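Note that these values count all heavy atoms, side chains included, but never hydrogens, waters or copies made by symmetry. What you are looking at is a predicted structure, and each value in this text was computed from that prediction instead of being measured.
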Amino acid sequence: MEKYIGKSVYKGTAIGPVNVLKKSEGLIKRVHVENVDEELRRLDKAKEKTLQQLARLYDKALKEVGKVNAEIFEVHQIMLEDEDYQDAIHNMICNENVNAEYAVSITGDNFADMFANMDDDYMRARSADVKDISNRLVSNLSGEEQPDWENTEPSIIVADDLTPSETVQMDKNKILAFVLVHGSANSHTAILARMMNIPALIGVPIELESLHNGVNAIVDGQDGIFYLNPDENQIAQAKEAQQKEQEQKKLLANYKGRESVTKSGRKINLYANIGNVSDVAYVLENDAEGIGLFRSEFLYLGRDELPDETEQFNAYRQVLQMMADKKVVIRTLDIGADKKADYLGLGKEDNPALGYRAIRICLEQPDIFKTQLRALLRAAKYGNLSIMYPMIISVEEVVSIKKIVAEVAEELENENIPYEIPEQGIMIETPAAVMLSEELAELVDFFSIGTNDLTQYTLAIDRQNNRLDRFYNPHHEAVLRMIEMTVQGAHKHGKWVGICGELGADTTLTERFIKMGIDELSVSPSMVLGVRSRICEME
Ligand code: PEP
Ligand code: MG
């Protein structure tokens, strides 16, 4: 038995085999090779294997998602065989006597940069494709298999770190727990784990190289401990903990179907956060009264190109229909910082959290924004929709957004396409928005406070940096006063105000929030019943 101590970012106990995701990206070493012919043979073999994988993926996609969507795998095959790309790799191996992995990786980066700097949108989007095929080729060279979710047993995913785009591509039914060597408690991967109701540990000091798939393990999400090869006694204890968790779940189930109202009769709208259409199942299962934050950017991640209007319209309509007439707040694209989509060619930034992200991208690239707004305005006919704009810092931004929404409505009108302009609100997640909350409240229908970013920007602490986790304190008096100020700003103009950041689920603060006058709390689906029980117990 081996025991490793990390930090829990979502509680719960898991028992099962480990599935190690070893990523070659970032770990590729430059190695001097004498026998370049042997290196070229390895490259050829890996290329053949990659072509076969892409052909299989094409066939699978053709059956599942149709020809148009499958074509990307055909494009990847063509790019892989591209003469310039192959010549560049060969030249590097032969002229510099380097290993194939290194030559592929550097060539991939060079080509990706070249595409990213092109003027043409289509060519810019190919940057992600070159990276993708280069990563696949490197994986095959190093004998590393791509995770095959279809044939994977439910297991404990162990990885160095995971990006949100990697996490969204996983089959949630096959994940018993996440164990990360790095990772931060406030990252979107941690948020996704909470959303999926999956125990998760970060900062677990384990050597991935020496860990093999299939080894039995336990994740103790209560105390943040990871056991490898546990003995019978530990397995029995973990089973007992799982049973207790089930009992606790049963107790909370008594709160299903009840209103979220304090003993003195104060009603709070208790909603849930989602990232994908399939998450609606968790919302319904946990009896949330609506969706207070649909992070629409997850529709844009883990893929090679922007989702078009039809795809988005279908997703939004489906969520609205599944929620019947309950409130659904969809946040417009909040991409950037840790949520990266290579095809957007946003480039590297020194301070991505303070960078080109969210509404800044939408206002600078109105084509992307308008496509999403068209899909949203059309979907509004199918339920109780509200649109919410992220990362607002000024009145001018809201004025510009409203102008674009009016243009989109006019376009739909002229095209005779049914639409509706729904309720519109903004996220309050910057100190600037808090300070301007009174002025902003005049322009919008509601506020939703994003405490994850509000804490980051108020305390000047990068939420992605796990070294700062112990300084990242959303209970900081400055953050709590910002929340209070926002509530006052909203109520002065008769607008409702909620919290959709992770702090909304902190039951040690529920009473304080309600006393401040918060009207709505939107939390991970798995937290809904716990928060409701707290509200119902309050005087
Ligand atoms: C927040 O910042 O609190 C928020 C809800 O948005 P996200 O976590 O997606 O940045
Ligand atoms: Mg945010």
Side-chain angles (χ1 to χ4, degrees), residues 9-11 164 167-168 172 185-198 200 260 268-301 315-316 318-320 322-323 326-335 337-339 358 376 383-391 423 425-429 446-456 463 474 483 496-507 509-510 513 518-532 534-535:
V9 290
Y10 189 62
K11 294 191 170 66
T167 316
V168 292
K172 296 169 198 172
N186 310 297
S187 69
H188 283 92
T189 301
I191 291 173
L192 281 169
R194 272 173 228 134
M195 199 133 71
M196 300 184 216
N197 203 5
I198 292 170
S260 306
I268 303 296
N269 288 323
L270 183 54
Y271 298 158
N273 297 344
I274 64 165
N276 270 300
V277 178
S278 59
D279 295 336
V280 176
Y282 305 124
V283 176
L284 299 174
E285 189 187 318
N286 291 286
D287 192 39
E289 295 148 31
I291 292 172
L293 169 64
F294 177 178
R295 290 182 163 94
S296 71
E297 58 276 8
F298 286 117
L299 298 178
Y300 293 67
L301 299 180
Y316 305 147
Q318 206 181 333
V319 173
L320 286 159
M322 285 195 283
M323 291 301 290
K326 291 182 180 151
K327 166 83 63 204
V328 175
V329 181
I330 301 184
R331 172 171 80 185
T332 58
L333 182 63
D334 184 12
I335 211 132
D338 62 327
K339 291 175 283 197
L376 285 165
N384 184 358
L385 174 69
S386 302
I387 305 181
M388 175 159 81
Y389 306 103
M391 288 294 296
E423 189 183 49
I426 55 170
M427 292 201 60
I428 302 289
E429 47 188 348
F446 67 93
F447 286 162
S448 187
I449 306 174
T451 50
N452 310 333
D453 278 319
L454 186 59
T455 306
Q456 156 164 269
R463 67 192 262 196
I483 296 174
W496 66 266
V497 52
I499 297 179
C500 64
E502 298 294 288
L503 199 62
D506 186 332
T507 48
L509 287 172
T510 311
F513 291 150
I518 282 286
D519 303 290
E520 179 245 28
L521 292 171
S522 190
V523 301
S524 281
S526 55
M527 307 288 204
V528 168
L529 294 173
V531 176
R532 181 174 295 153
R534 180 76 197 97
I535 295 171

* To do: Please list, chain by chain and in numerical order, all residues satisfying salt bridge (Lys or Arg N to Asp or Glu O under 4.0 Å) with Lys327, sequence neighbours excluded.
  => Glu423

* Measure the CD1-CG distance between Ile499 and Asp506 for me, rounded to the nearest 0.5 Å. => 10.0 Å

* Asked: How far does NZ of Lys326 sit from CG of Leu284, to the nearest 0.5 angstrom?
  -> 6.0 Å

* side-chain contact (heavy atoms from CB on, under 4.5 Å) between Phe298 and Leu192: does it pass, once the steps are laid out? -> CA-CA 10 Å; Phe298 286 117; Leu192 281 169; 4.0 Å; yes

* Hey, could you give me the CD1/CG distance between Ile330 and Leu385, rounded to the nearest 0.5 Å? => 5.0 Å

* Kindly indicate whether the side chain of Met323, heavy atoms from C-beta on, has any atom under 4.5 Å from the side chain of Asn384. => no

* Structure fact -> What one should report as the nearest heavy-atom pair of Ala272 and Ala288 is CB-CB, 3.7 Å

* State, to 0.1 Å, how close Ala193 and Ala200 come at their nearest heavy-atom pair, and which atoms those are. => CB-CB, 3.8 Å

* Can you tell me how far the CG atom of Asn276 sits from the CD1 atom of Ile274, to the nearest 0.5 Å? -> 7.5 Å

* To do: Answer with yes or no whether the side chains of Ser526 and Tyr10 bring together a donor and an acceptor at under 3.5 Å.
  => yes

* **Ile335 and Leu301: CA distance, side-chain angles, deciding distance, side-chain contact (heavy atoms from CB on, under 4.5 Å) verdict** => CA-CA 9 Å; Ile335 211 132; Leu301 299 180; 3.8 Å; yes

* **Residue pair Trp496 / Asn269, side-chain heavy-atom distance below 4.5 Å** => no

* Those residues that, when tested against Tyr300, pass ring-ring contact (aromatic ring centres under 6.0 Å, His included) (two or more places apart) -> none

* Asked: Closest heavy-atom contact between Met195 and Tyr282?
  -> O-CD1, 3.8 Å

* Measure the shortest side-chain to side-chain distance between Val497 and Ile428 over non-hydrogen atoms and say whether it is less than 4.5 angstrom. => no

* If only atom types and distance count, is the side chain of Ser448 paired as donor or acceptor with the main-chain N or O of Met427 below 3.5 Å? -> no

* Rounded to the nearest 0.5 Å, what separation is found between the CZ atom of Arg463 and the CG atom of Leu454? -> 11.0 Å

* Close side-chain approach of Pro390 and Glu429, heavy atoms under 4.5 Å -> yes

* side-chain contact (heavy atoms from CB on, under 4.5 Å), paired with Pro474, selected from Thr451, Asn452, Thr455 -> Thr455

* Asked: Less than 4.5 Å apart, any side-chain heavy atom of Phe294 and any of Met388?
  -> no

* Listed partners of Arg532 passing salt bridge (Lys or Arg N to Asp or Glu O under 4.0 Å), at least two apart -> Asp287, Glu289

* Any residue meeting salt bridge (Lys or Arg N to Asp or Glu O under 4.0 Å) with Arg534, in chain and number order, not counting sequence neighbours -> Glu511, Glu537

* **Tyr316 vs Ser296 side-chain heavy atoms within contact, under 4.5 Å** => yes

* Taking side chain as C-beta onward, heavy atoms only, is Asn273 less than 4.5 Å from Ile191? -> no

* Could Arg295 and Asp334 be called an ion pair, given the rule that one side-chain N must be under 4.0 Å from one carboxylate O? -> no

* To do: Decide yes or no for Asp519 and Phe446: does some side-chain heavy atom of the first lie under 4.5 Å from some side-chain heavy atom of the second?
  => no

* Might you work through the side-chain contact (heavy atoms from CB on, under 4.5 Å) test for Leu503 and Ile483, ending with a clear yes or no? => CA-CA 11 Å; Leu503 199 62; Ile483 296 174; 4.1 Å; yes

* Taking salt bridge (Lys or Arg N to Asp or Glu O under 4.0 Å) as the test, write out the residues that go with Glu502, two or more places apart. => Arg194

* Could you please spell out the steps behind the side-chain contact (heavy atoms from CB on, under 4.5 Å) verdict for Val329 and Ile291? => CA-CA 6 Å; Val329 181; Ile291 292 172; 5.8 Å; no

* Asked: Just how far is it from atom CD1 of Ile535 to atom OG1 of Thr510, taken to the nearest 0.5 Å?
  -> 6.5 Å

* Scan residues 270-280 for pairs that pass salt bridge (charged side-chain N to carboxylate O under 4.0 Å, His left out), counting only residues two or more places apart or in two chains. => Lys172-Asp279

